There are 2 protein chains.
Amino acid sequence: MSIADYPFAPLGGTEDRAMAIREQLRDAIIDRRLAPGTKLGEAEVGALFEVSRTVVRSALQMLSFEGLVRSERNRGSFVANPSPEEARQVFDSRRLIEPALAAAAIERLRPADRARFRALLEQEERLMAERGASVRRAEIRASGDFHLELARLAGNTVLERFMHELVARSSLVIALYGRTGASSCGHADHGSILGALERRDLGLAQTLLIHHINHIEADLDLRPATGLGLREALSSG
Amino acid sequence: MSIADYPFAPLGGTEDRAMAIREQLRDAIIDRRLAPGTKLGEAEVGALFEVSRTVVRSALQMLSFEGLVRSERNRGSFVANPSPEEARQVFDSRRLIEPALAAAAIERLRPADRARFRALLEQEERLMAERGASVRRAEIRASGDFHLELARLAGNTVLERFMHELVARSSLVIALYGRTGASSCGHADHGSILGALERRDLGLAQTLLIHHINHIEADLDLRPATGLGLREALSSG
DNA sequence: GGTAGCAAGATTGCATACAAAGCGCGCCGC
DNA sequence: GCGGCGCGCTTTGTATGCAATCTTGCTACC
């Protein structure tokens, strides 16, 4: 499976082209349209987006910083293949940061924010009602958006940026190690978390958040895997 | 600690040339040899390091991701000029993350780690004994190294990378808003924090850490500042 | 038959060339 | 004298070319 199998719409007049390419690649990685280990050749990506390698390099560097792409000198860039250990660290980090975000957000929740949250939940419900692989992808995405909205609301831009990275890497991990309908079960959690926030019950909201994250992680099939080199060989094929 | 020890972004992969320039600029910014607001022209930096603009752009992009440099499209890159609000957010983030790092580190403290910590403290003491501007810079750096060592020990590479960014931005903030000998007073704190860690007294270590961070922040001269445009105009001159 | 060496192809790293967008300065009109 | 406007100079954004390095498949030798 090659990246060329996934035709990206070459957007015309984007301001920053590297940013646009980064976004598209990022979405493709999170949605697992690009499998972990897939090589992202500069020339190939550039041809797809109709830009020069210069722009592609810039986009790949950004993704490398986000941990979604792994770059090796003189060898190229590949879609990241996070190890179970990395996955655990990502969720550990989320368990640390998100309760703090809830604490900050609960103080700043405005009606407009509630409306935005509700819209996100409705979107999730719509997706849950449907079936299919692409729907499941969108579901993972929507689930992440809920947490990003929480981060945005907390008002700490530093932590918000960290959360963007953590959510993206979580999505990749879920796509990699997730079992069947696991990500769906988290949806109900979002509703109750939001409910607790609206009732200003911080303790409950934090408890629910932690459980929610535990839920997601528990549903992963982490590490009955075999030796590393073998595993990597298999997954990159 | 050498450059190779930094778990920074792409560990094995990224271009050495750009990485080296990034490190040098980073150090210069943290040490305030480059004042906030200073323009970092691509051609100028390239001439200094005897590389082409391509490499410089790569380094600047990395620094921009770290929050040490602010880039504006078609205008150029400038040393970041963090607002008091940003400074607060950085310290808020540290108050959140560092106690968790202590909790993880206390379980993994080995004799070799103790030795490394002790060496850092001795380094700080040596610097404290001296006088001069360059010494004070080195002091800020050494102070940061203590916290980075804590992060390294915790064994979570995600959080470790976050801490690298937070420490760097803290150093910039301290250089910007710090009062006289403020950063020095923190040194004694490091010793007692390490002591608590060695005695496996997590609660004490976390309390001391929080107080330490509070100390640093309290010693900043945050936000008696005037209107933004004026302030920026003054600081960039 | 297997392995080491080698050469050709491909891909990245870096430099340079060109195009486009700001910015400043001087000119002109009011 | 002052404000608006246009031109050119500087700086960034992008594309392309060349050299270095890695990969890979072949060949020759053990």
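Predicted, not measured: the structure shown is a model, and the values here were computed from it. Chain letters run A, B, ... following the sequence lines, proteins first, then strands; residues in each count from 1.
Distance, B:E44 CD to D:dT12 C1': 14 Å, rounded to whole Å. In this structure, the CG atom of A:D16 is 15 Å from the P atom of D:dT12, given to the nearest Å. Spacing between atom CZ of A:F49 and atom P of D:dT14 amounts to 14 Å, rounded to whole angstrom units.
Comparing D:dG13, D:dC22, C:dG13 against the side chain of A:R73 picks out C:dG13 as the nearest.
Between the side chains of B:S143 and B:E124, no donor-acceptor pair of N or O atoms lies under 3.5 Å.
A salt bridge is defined here as a Lys NZ or Arg NE, NH1 or NH2 lying under 4.0 Å from an Asp or Glu carboxylate O, and B:E139 with B:R141 fails to meet this definition.
Aromatic ring orientation, B:F117 versus B:F146: tilted (interplanar angle from 30° to 60°).
What you find for B:R137 and B:D31 is that their closest heavy atoms are CD-O, 2.9 Å.
Distances shorter than 4.0 Å separate some side-chain N or O of B:R57 from OP1 or OP2 on D:dG13. A sub-4.0 Å separation between OP1 or OP2 of D:dT12 and a side-chain N or O of B:K39 is present.
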Between protein and nucleotides 15-21 of chain D, map the contacts as a letter string: B base, S sugar-phosphate only, - none, heavy atoms under 4.0 Å, written 5' to 3'.
BBB---S
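Qualifying salt bridge (Lys or Arg N to Asp or Glu O under 4.0 Å) partners for B:E86, counting only residues two or more places apart in sequence or in other chains: B:R169. In terms of the ring-ring contact (aromatic ring centres under 6.0 Å, His included) criterion, residue partners of A:F162 (sequence neighbours excluded) are, by chain and number, B:F162.
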